[in-house]
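Since the structure comes first, as structure tokens, the remarks are kept for the end.
Just so you know, ligand 1 is whichever comes first in the structure, and atom 1 is the first atom listed for that ligand.
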Amino acid sequence: MATSCNPLIRKYSNVKELTDLASLPSLFITRNPTAEAAEIIIRKEIPVIDFSFLMSQNSGQRSRTVGDIGKACKDWGCFTIINHGMVENLQTAMKDAFDEFFDLTIEEKQHYMAQELFEPIRYGTSFNEAAVDVRYWRDYLRIIAHPVFSYPAKPLNFRKISEEYTRNMREISIELLRAISESLGLPEATMEEALQLKSCIQLLISNLYPPCPQPELALGLPPHSDSSILTIVMQSNTKACLQVQHGGKWVPVEAIPNSFFVILGDIMEIASNGTYNSLLHRVVLNNESTRMSIVSTIGPPLEALVSPLPQLVDSIRNRPALFRETTYKEYVQLQKQNQEEKSVLSLIKL
Ligand SMILES: O=C(O)CCC(=O)C(=O)O
Ligand SMILES: [Fe+2]
């Protein structure tokens, strides 16, 4: 592993244990507050969708909600969902199980440190560990939850809780993708069928951002878009550290209690042939409390071919395909090799 031959990196194999620092090690300095004074951060209301309306027997209510989702996808590439039906106890149990994992000894956690991109269970730090010159203030545990369910041996209850949590998240994601298909004027099963989502790849990721001694100089995660179709984020506290790009400005995401935050990924931009764009987002830090996010992402199977939905391509009527066909595996590999903002999408643009 790259980390074992660099003593500096090895020392920082996670950020959770970096508790007694008076100042930030230079490796983590990714921001220049003076230059960023010009960077605009504004507070704006991000669309809120009442998920229960999608289940409504009242067809008018459902179709209005589908319209609201379509507008949120178009204008923002993200939205908050409330009344999603997942019981709060399960959310708390999932958070506690991840907390227990991060509290294991470094020797126990190291067992899951892997360089392999498609490793079923992966514990690590920063964003792209291969990039040794820049570090982000974040530890993570990432498991592949579907089509084959993986789980760490400890804590003992992790398996039961994460199985239920990820099943719920898959159901919510599929329901949202049905609404999104409809919002594109297509039958509701279009996305699930075209992207073979019965065998979807689902990742469950917990990101841990401990208090940072100089939060203005570092980032938890750099600006990036997700390589998923859809990402659903549960934020563990109400500090608005997740920021989304909107109209060239950063907008902090206020976490409404018991809500989830939905992000459109790159595969949505490809499948919708650019009707909906994937969302650029980043994570800033604070120096008071640890923040955890729990993220579920849905993507097509690795061998699936990804391309704009044929129903949304019409070269005669000035709607040519904007992206070339790739397999999802190729796309994810490209993404890992190239960490620049949105760069991978531009690589497959026609
Ligand atoms: O921590 C967050 O709120 C967002 C995490 C994220 O963007 C990711 O895991 O891709
Ligand atoms: Fe993300």
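Nearest protein heavy-atom contact of atom 3 (O) of ligand 1 is Arg291 NH2, 2.7 Å. Given atom 10 (O) of ligand 1, the protein heavy atom at minimum distance is His224 NE2, 3.2 Å.
The side-chain contact (heavy atoms from CB on, under 4.5 Å) test with Met191 singles out one residue from Leu184, Leu186, Leu230, and that residue is Leu184. The side-chain contact (heavy atoms from CB on, under 4.5 Å) with Asn168 is formed by just one residue from the set Met94, Gln91, Met86; it is Met86.
Within ligand 1, counting atoms from 1 as listed, the ones closer than 4.0 Å to a heavy atom of His281 are 7 (O). Those atoms of ligand 1 that come under 4.0 Å of a heavy atom in Tyr209, given as number and element, are 1 (O), 2 (C), 5 (C). Taking a cut-off of under 4.0 Å to the non-hydrogen atoms of Ser293, the atoms of ligand 1 that pass are 1 (O), 2 (C), 3 (O). Below 4.0 Å from some heavy atom of Val283 lie the following atoms of ligand 1, by number and element: 1 (O), 2 (C), 4 (C).
In Lys154, the NZ atom is not crowded: 12 or fewer heavy atoms of neighbouring residues, nucleotides or ligands sit closer than 6.0 Å.
Side-chain contact, Asn14 with Thr125: no donor N or O sits under 3.5 Å from an acceptor N or O. Side-chain contact check for Ser199 and Gln196: no donor-acceptor pair (N or O, by modelled atom type) lies under 3.5 Å. Looking only at atom types and distance, the side chain of His246 has no donor-acceptor partner in the side chain of Asp75 under 3.5 Å away.
Considering Leu203, Asn207, Ile294, Val253 only, the shortest heavy-atom separation from atom 5 (C) of ligand 1 involves Asn207.
Using modelled atom types, one side-chain atom of Gln202 and one backbone atom of Thr166 make a donor-acceptor pair closer than 3.5 Å.
Using a 4.0 Å cut-off between charged nitrogen and carboxylate oxygen, Asp99 and Lys95 count as a salt-bridge pair.
The shortest heavy-atom distance from Asp226 to ligand 1 is under 4.0 Å. Within the structure, the closest approach of Arg282 to ligand 1 does not fall below 4.0 Å when heavy atoms are considered.
Here Leu221 has side-chain heavy atoms under 4.0 Å from ligand 1, and that is the only part of it that gets that close. Looking at Gln235 against ligand 1, nothing comes within 4.0 Å, counting heavy atoms.
Checked against the Fe ion (ligand 2), the N, O or S atom of Asp226 at the shortest distance is OD1.
Considering OG of Ser293 and CG of Leu242, their distance stands at 8.0 Å, rounded to 0.5 Å.
When rounded to 10 degrees, the angle formed at the Fe ion (ligand 2) by NE2 (His281) and NE2 (His224) equals 90°.
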